[in-house]
Amino acid sequence: MSEPPASDRRLAPITVRVATAARITSLSRSRIYELIQSGDIETVKVGRAMLVKYRSVLALLGEDTPPADPYLPPTHR
């Protein structure tokens with residue numbers, strides 16, 4: 001079986017915008033900013049943009065790791 005093209009792969013993001021983190025968690029943007037201030041959610045600044053580390057959002061939700069890439073062999077997960 002051949003591997004699908006890279007454009008068809010669904011990879012877990014490394015970072016998301018604050019609005020996306022709010023949608024993922026069903027929390028308000030204000031609450032996300034409060035969690036950022038308290039250190040419960042990690043961020044990275046890229047220029048003027050504040051990006052939320054996706055793993056940090058998953059940890060907040062009680063998830064250990066992002067969903068595995070289904071196209072990688074099991075030994076690489």
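Worth saying up front: this structure is predicted, and the values here are computed from it rather than measured.
The residue from V57, L60, T15 that alone fulfils the side chain to side chain contact (heavy atoms under 4.5 Å, CB included) condition with V52 is V57. When each of D40, T20, I41 is paired with I32, the side chain to side chain contact (heavy atoms under 4.5 Å, CB included) condition holds for I41 and for no other.
Shown here for E42 and S56, the closest heavy-atom pair between the two residues is N-OG, 2.7 Å. Considering every non-hydrogen atom in both A49 and R17, the closest pair reads CB-NH1, 3.8 Å.
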Is there a side-chain contact (heavy atoms from CB on, under 4.5 Å) between L61 and I24 once you walk through the steps? CA-CA 10 Å; L61 299 175; I24 291 168; 4.2 Å; yes
Given side-chain contact (heavy atoms from CB on, under 4.5 Å), test I14 with K53 step by step and report yes or no. CA-CA 6 Å; I14 297 171; K53 292 185 179 182; over 6 Å; no
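L27 and L51 end up in different hydrophobic clusters when Ile, Leu, Val, Met, Phe, Trp and Tyr side chains are linked at under 4.5 Å.
Proximity of I36 to V18: side-chain heavy atoms (C-beta onward) are separated by under 4.5 Å at one or more points.
Remark: E34 CD to S28 OG distance equals 7.0 Å, nearest 0.5 Å.
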